[in-house]
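Only one structure is covered here, and it is reproduced in the block below.
Lettering follows sequence order; numbering is per chain, from 1.
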2 protein chains.
Amino acid sequence: MKKVATADRVLSILRLFSTERPEWQVEDLGAELQLSASTAYEYVGSLVGAGLLVAGRTGHYTIGPAAIELDLIARRVDPLTRNAREILRKLVEESGAGTIGLLCRLYQLQVMCVDEYSIDPPPIETSYERGRPMPLIRGSASKAILVNLPARTLRRFFDLEREAVAAMGLGRDWESFKAETRRLRRSAPLVSIGELDAGALGVSAPVFGENDLILGSIGLVLSAEAVREDSARIESLRTLVGAAGQAVTRALLAP
Amino acid sequence: MKKVATADRVLSILRLFSTERPEWQVEDLGAELQLSASTAYEYVGSLVGAGLLVAGRTGHYTIGPAAIELDLIARRVDPLTRNAREILRKLVEESGAGTIGLLCRLYQLQVMCVDEYSIDPPPIETSYERGRPMPLIRGSASKAILVNLPARTLRRFFDLEREAVAAMGLGRDWESFKAETRRLRRSAPLVSIGELDAGALGVSAPVFGENDLILGSIGLVLSAEAVREDSARIESLRTLVGAAGQAVTRALLAP
DNA sequence: GCAAAATTCCGAAATAATAGGAATTTTGTA
DNA sequence: TACAAAATTCCTATTATTTCGGAATTTTGC
């Protein structure tokens with residue numbers, strides 16, 4: 001997709017804002033992107049005008065209200081988020097103690113958590129968090145999506161991520177990758193252990209939209225320790241998660 | 001603040017996305033902004049490249065993952081949101097049934113709700129919602145901020161919004177507006193009824209940051225009907241809200 | 001009210017944006 | 001799988017905009 005070079009440079013400023021460094025001075029932005037001071041001010045000016053940046057203390061810029069507003073639009077509009085909210089809550093309630101419920105969405109070839117809910121969070125670190133992009137290849141929430149991609153898309157992913165696929169043991173060539181995804185697709189809901197966070201166990205089921213296109217996944221994260229050798233608990237969670245996935249898919253098809 | 005014209009035009013595309021119309025085709029965007037098809041594609045291309053837009057069904061663009069990601073950065077970083085979260089929860093718990101807790105923030109001369117929490121929402125419509133920009137002049141959550149603006153800022157606001165100020169009965173000239181804000185400042189926490197939503201009653205207290213600069217407000221919304229003539233309940237809510245405001249201010253000053 | 005910091009202003013050379021129509025790719029459907 | 005329709009990219013000359021350094025100005029913190 002062809003782009004506008006100037007706009008790209010301006011937008012590249014946004015990418016510098018991160019959790020690690022959420023506040024910048026104009027001079028530093030300019031230095032980072034090799035722009036003169038006056039140009040840096042012009043760029044920042046455009047982003048401030050759009051509300052994407054805002055000056056907190058003078059001279060110190062942070063993410064502005066337009067980002068929060070856009071997020072609201074995204075939340076209000078996304079049929080996945082809307083239809084899954086209540087189902088996610090119920091899933092967590094019925095799953096017993098120590099679980100986090102996650103709703104994830106496919107964006108291009110990435111996965112992003114778009115909703116999370118927990119009553120009694122487990123004592124483990126979890127990477128998934130609303131708004132954090134995740135790789136499509138690791139963790140049950142991602143793999144539940146991956147293995148349900150349409151063949152064309154799956155092929156594109158394979159060509160791009162050949163090494164990562166091999167490293168995860170999902171096949172060294174297209175044929176074996178295809179076979180492996182078929183196998184995983186059939187064994188849904190998927191269970192993964194420690195793929196993203198040591199000590200975490202994930203259980204996830206796919207969610208489909210119109211035309212059976214994969215939209216995202218719904219699932220639970222809990223401490224692997226807590227269900228060690230308790231295969232009955234895991235099975236009951238798989239049942240719950242699978243039902244939740246189907247419920248969301250059904251809700252999406254209904255008016 | 002000087003801006004970059006091209007970037008501005010590109011960013012103006014974002015403003016077309018709203019709750020009412022969250023999905024656009026490139027052609028329609030071009031028509032709306034009077035751009036040729038190829039230019040519209042270039043603009044959209046830049047925004048897609050930045051992740052701010054994304055194609056759902058091909059040809060249909062919506063807000064993209066970067067917006068959600070920026071929101072996460074904003075949430076994680078904003079000291080107001082971080083420090084107030086738990087206090088807001090407690091406030092709602094202690095306030096009894098039928099309340100919504102709101103945390104609002106000053107952005108330029110606007111107010112935006114940045115967090116909300118409710119256990120048992122009242123049966124009324126409320127305008128305040130996380131991510132929705134609100135005028136600085138109406139509603140207790142906004143006025144709690146307004147009346148605590150530094151004199152210079154308040155003056156700038158008055159010059160800009162002279163008619164709105166008069167319409168809200170806050171004074172027809174600068175002197176009387178100043179006097180009125182002083183009076184309201186002293187009577188915190190503020191109570192307002194039906195200023196934004198018919199039948200809604202708001203109670204809000206200001207929150208200050210470094211150097212006693214006003215940062216935002218914390219408060220409750222409930223059904224005016226529910227507290228009709230129950231001035232004791234209102235007084236007890238004012239006490240709770242006032243304490244919450246002070247607690248957040250204190251939390252912000254602590255390391 | 002003052003010094004320091006932040007921001008705006010300037011204009012000319014260098015660079016990039018734009019339209020519009022044709023060419024191509026992608027998609028939905030038979 | 002193949003087809004038609006839709007979406008997207010490609011093209012290039014003309015036109016308009018961006019960019020820079022440094023000086024001028026405004027705003028801020030004390």
Side-chain angles (χ1 to χ4, degrees), chain A residues 1-13 23-49 53-62 64 108-109 149-157 159 208-214, chain B residues 1-13 23-49 53-62 64 108-109 149-157 159 208-214:
Chain A
M1 204 169 215
K2 199 180 167 191
K3 308 186 210 169
V4 184
T6 307
D8 264 23
R9 285 195 291 274
V10 170
L11 289 170
S12 73
I13 288 207
E23 192 178 286
W24 287 78
Q25 310 221 148
V26 177
E27 214 177 326
D28 298 333
L29 291 169
E32 189 72 22
L33 298 173
Q34 315 206 321
L35 306 168
S36 71
S38 41
T39 302
Y41 272 103
E42 290 192 333
Y43 283 12
V44 170
S46 282
L47 293 168
V48 168
L53 292 183
V54 74
R57 295 175 295 161
T58 33
H60 297 252
Y61 289 82
T62 55
Q108 315 285 75
L109 289 178
L149 289 176
R152 293 188 214 189
T153 316
L154 197 64
R155 179 68 208 233
R156 189 153 49 91
F157 177 78
D159 290 339
F208 299 92
E210 286 173 10
N211 300 112
D212 291 323
L213 274 177
I214 183 75
Chain B
M1 204 169 216
K2 199 178 166 191
K3 308 187 210 169
V4 183
T6 305
D8 266 21
R9 286 195 291 273
V10 171
L11 289 171
S12 73
I13 289 206
E23 192 177 287
W24 287 77
Q25 310 221 149
V26 176
E27 215 176 325
D28 299 333
L29 291 168
E32 188 73 23
L33 299 174
Q34 314 206 325
L35 305 168
S36 70
S38 44
T39 302
Y41 272 104
E42 290 193 333
Y43 284 11
V44 169
S46 282
L47 293 168
V48 168
L53 293 183
V54 74
R57 297 175 295 161
T58 33
H60 297 252
Y61 290 82
T62 55
Q108 314 286 73
L109 288 178
L149 288 176
R152 292 189 214 189
T153 316
L154 197 63
R155 179 68 209 233
R156 188 152 50 90
F157 177 78
D159 291 339
F208 299 91
E210 287 171 10
N211 301 111
D212 291 321
L213 274 178
I214 182 76

Residue B:S36, side-chain atoms from C-beta onward, closest of C:dA19, C:dA17, D:dT19: C:dA19
Give every residue pair that meets the salt bridge (Lys or Arg N to Asp or Glu O under 4.0 Å) criterion with at least one member in residues 26-39 of chain B, sequence neighbours excluded. B:R21-B:D28
How far does the helix from C:dG1-D:dC30 to C:dA30-D:dT1 bend, going by the axes of its first and last five pairs, to the nearest 10°? 100°
With sequence neighbours excluded, residues passing side-chain contact (heavy atoms from CB on, under 4.5 Å) with A:D212: none
Rounding to an integer number of Å, can you tell me how far A:R9 CZ sits from C:dA14 P? 16 Å
Are the side chains of B:T153 and B:L109 in contact, using a 4.5 Å heavy-atom criterion? yes
Rounded to the Å, how far apart are B:D8 CG and C:dT18 C1'? 17 Å
The criterion is side-chain contact (heavy atoms from CB on, under 4.5 Å); which residues satisfy it with A:L213, sequence neighbours excluded? A:P150
To the nearest angstrom, how far is A:L33 atom CG from D:dC20 atom P? 11 Å
Rounded to the nearest 0.5 Å, how far does CZ of B:F157 lie from CG of B:L149? 8.0 Å
Mark up nucleotides 1-13 of chain D, 5' to 3', with B wherever a protein heavy atom is under 4.0 angstrom from a base atom, S wherever such an atom reaches only the sugar-phosphate, and - elsewhere. ------SBBB---
Does the side chain of B:T6 get closer than 4.0 angstrom to OP1 or OP2 of D:dT18 through an N or O atom? yes
Taking the side chain as everything from C-beta on, heavy atoms only, tell me whether A:L11 gets closer than 4.5 Å to B:L11. yes
For B:Y41, enumerate each residue passing the side-chain contact (heavy atoms from CB on, under 4.5 Å) test, keeping only those at least two apart in sequence or located in another chain. A:M1, B:V26
What integer distance in Å separates B:Y43:OH from C:dT18:C1'? 8 Å
What contact category does B:R57 fall into here, base, sugar-phosphate, or nothing, at under 4.0 angstrom with non-hydrogen atoms? nothing
Pick from B:L33, B:I13, B:V48: which one makes a side-chain contact (heavy atoms from CB on, under 4.5 Å) with B:Y43? B:I13
